[in-house]
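Note sheet for the following structure.
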Amino acid sequence: MRDGRHHLQRPGQPGQSRGLWSSDRSHGGSGYPLVRLVAVVACGTRTLLGATFGRFATGETTYAPELLDCLKAGMLMLGDRNFAVKALVTAIAGPQGTGADLLIRCKSTRPLPRLETLADRSWRSVLGGVPIRVIDAQITVTLPSGGRRTGHYRLITTLLDPRLHPAREIVKLYHQRWEIETAYLELKSTTLGGRVLRSRTPQGTDQEIYALLAAYQALRLAMADATTTGAVPADRASFTIALLAARDQVIHAAGIITHTPVDLIGQIGRAVLDHPLPARRDRSCPRIVKRAISKHRAKGQIDRTNHQTTTTINILPEPDLTPAQAP
């Protein structure tokens, strides 16, 4: 999974933040300078495969090529629609690319040449010289109250065989892209507790972000080791439990005080296995601004409830043909 829309906040300091870490937004400046973080995360374990960060004013697709070395043959890279650009698709899946396959959402109105319609209603096309398969799907989420929300998704993938990879299964698989949002939540909210970075200099900020990523990766590797036995699925391992167990080890000074047994990974792993998360279930939560830039703009009641849902996937038939544009 790849995503880069997330940012970290750091304290401002006169003469240092402006032009270095931009804080300008479309609706005005934010309270803190921002750093853009782009990462590739493994779906199952949520371990980091690669990460880069820098000026917030620089777009995520500019940072993305720095992470291509972590993609290998046999991998499937999931990405949001900002990454559906010709140059990046070619760099990943082209003749001189990484060897990895991709599954990316693109705009539902994006014109792509329809070369062949397949039995599962998906169709062959090409983007940036790379053969792709396009899937148009209508996804309906039904709440227990009877409320419904429907969206149109267009996915592009280099998994070209509909017999091996049916369109409906591809749509279900794309839902796993949201695992990276949970990883960002664990970095920004669970680990940092919503606090901003402490460093006031660019060099100190770099050091602090690397430390944050290293601590996250150490915990995720300990959790992955604990779940390799299959007793608890990887998606039921609690990052909060792992973090608290690690903090307990620091407080107890394990391995520092004489005669204290050193069993850091074992303690974290046992805590994770003893306190698994509930089994995953389909649920929906409204997309809202979690933290308003100004408290005066956060008016009215905000529904933060997670609702259990029923999801229906309908692969759309061939639409009225329009003149295809060159890929």
Side-chain angles (χ1 to χ4, degrees), residues 1-10 12 16-41 48-71 75-94 96-98 100-112 127-130 132 153-158 174 177-185 187-188 192 196-197 202-203 205-206 208-210 212-213 216 287 289-291 293 325 327:
M1 298 169 294
R2 171 182 285 155
D3 192 28
R5 293 179 296 149
H6 287 265
H7 58 270
L8 296 168
Q9 295 180 326
R10 58 175 293 271
Q16 290 187 342
S17 62
R18 182 61 58 186
L20 190 61
W21 304 114
S22 174
S23 60
D24 290 339
R25 307 296 293 272
S26 58
H27 41 59
S30 68
Y32 297 94
L34 305 176
V35 180
R36 186 180 299 280
L37 173 67
V38 184
V40 179
V41 173
L48 287 168
L49 301 181
T52 186
F53 57 89
R55 299 170 184 265
F56 185 78
T58 302
E60 56 192 354
T61 54
T62 302
Y63 287 117
E66 300 178 21
L67 300 175
L68 294 183
D69 287 345
C70 70
L71 300 178
M75 292 183 176
L76 175 65
M77 198 283 293
L78 310 182
D80 68 15
R81 54 188 169 186
N82 284 348
F83 293 104
V85 296
K86 295 179 183 178
L88 194 55
V89 169
T90 303
I92 295 172
Q96 305 301 321
T98 64
D101 285 299
L102 57 83
L103 172 57
I104 304 176
R105 183 185 177 188
C106 69
K107 293 183 178 179
S108 59
T109 57
R110 181 166 185 169
L112 293 167
L127 180 63
V130 177
I132 61 171
Y153 284 72
R154 171 169 287 185
L155 305 178
I156 61 173
T157 181
T158 53
Y174 184 73
R177 192 203 70 78
W178 286 94
E179 294 288 342
I180 199 170
E181 306 294 343
T182 304
Y184 282 127
L185 177 69
L187 277 168
K188 295 168 57 176
L192 287 178
V196 301
L197 301 175
Q203 295 80 10
T205 298
D206 288 354
E208 194 169 353
I209 294 176
Y210 280 124
L212 179 65
L213 294 173
Y216 172 87
R287 297 193 70 178
V289 176
K290 302 296 189 302
R291 180 170 53 189
I293 292 176
Q325 296 186 7

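One is the number of the first residue; the rest follow in order along the sequence.
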Taking side chain to side chain donor-acceptor pair (under 3.5 Å) as the definition, give me every residue that meets it alongside T62, ordered by chain and number, with sequence neighbours left out. none
Does the structure place the NZ or CZ of R105 under 6.0 Å from the centre of the six-membered ring of Y153, at an angle of no more than 45° from the ring's axis? yes
What are the two closest non-hydrogen atoms of A64 and F83, and how far apart are they? CB-CE2, 3.9 Å
In Å and rounded to the nearest 0.5 Å, what is the CD1 to CG distance from I156 to L112? 7.0 Å
Apply the test side-chain contact (heavy atoms from CB on, under 4.5 Å) to residues I180 and L78: give CA-CA distance (whole Å), side-chain angles for both, the deciding distance (0.1 Å), then the verdict. CA-CA 10 Å; I180 199 170; L78 310 182; over 6 Å; no
Given side chains that start at C-beta, do those of L192 and L197 come closer than 4.5 Å, heavy atoms only? yes
Sub-4.5 Å side-chain heavy-atom contact between I104 and R81: no
Answer whether the closest heavy-atom distance between the side chains of D80 and Y174 falls below 4.5 Å. yes
For T90 and G128, the nearest pair of non-hydrogen atoms, with its separation, is OG1-O, 2.7 Å
Quick one: pull up CG in L103 and CG in L76 and give me the separation to the nearest 0.5 Å. 5.5 Å
Side-chain touch V130/I92, heavy atoms, less than 4.5 angstrom: no
dist D69:CG -> T98:OG1 (nearest 0.5 Å) comes out at 9.5 Å
Pairwise side-chain contact, L127 with R110, heavy-atom cut-off 4.5 Å (strictly under): yes
Contact summary for F53 and D206, nearest pair of heavy atoms: CE1-OD1, 3.3 Å
Partners of T157 by side chain to side chain donor-acceptor pair (under 3.5 Å), sequence neighbours excluded? none
Measuring from atom CE of M75 to atom CE of M77, what distance do you get when rounded to the nearest 0.5 angstrom? 11.5 Å
Nearest heavy-atom pair of Y184 and L37: which atoms, and what distance? OH-O, 3.4 Å
Minimum heavy-atom distance L67-A51, with the two atoms named: CD2-N, 3.5 Å
So, T52 side chain and E66 main chain: donor-acceptor pair closer than 3.5 Å or not? no
With rounding to the nearest 0.5 Å, note down the distance linking CG in L155 to OG in S108. 11.0 Å
Partner residues of Y216 under the ring-ring contact (aromatic ring centres under 6.0 Å, His included) criterion, sequence neighbours left out: F239
Nearest heavy-atom neighbours spanning K107 and R154: O-CD, 3.7 Å
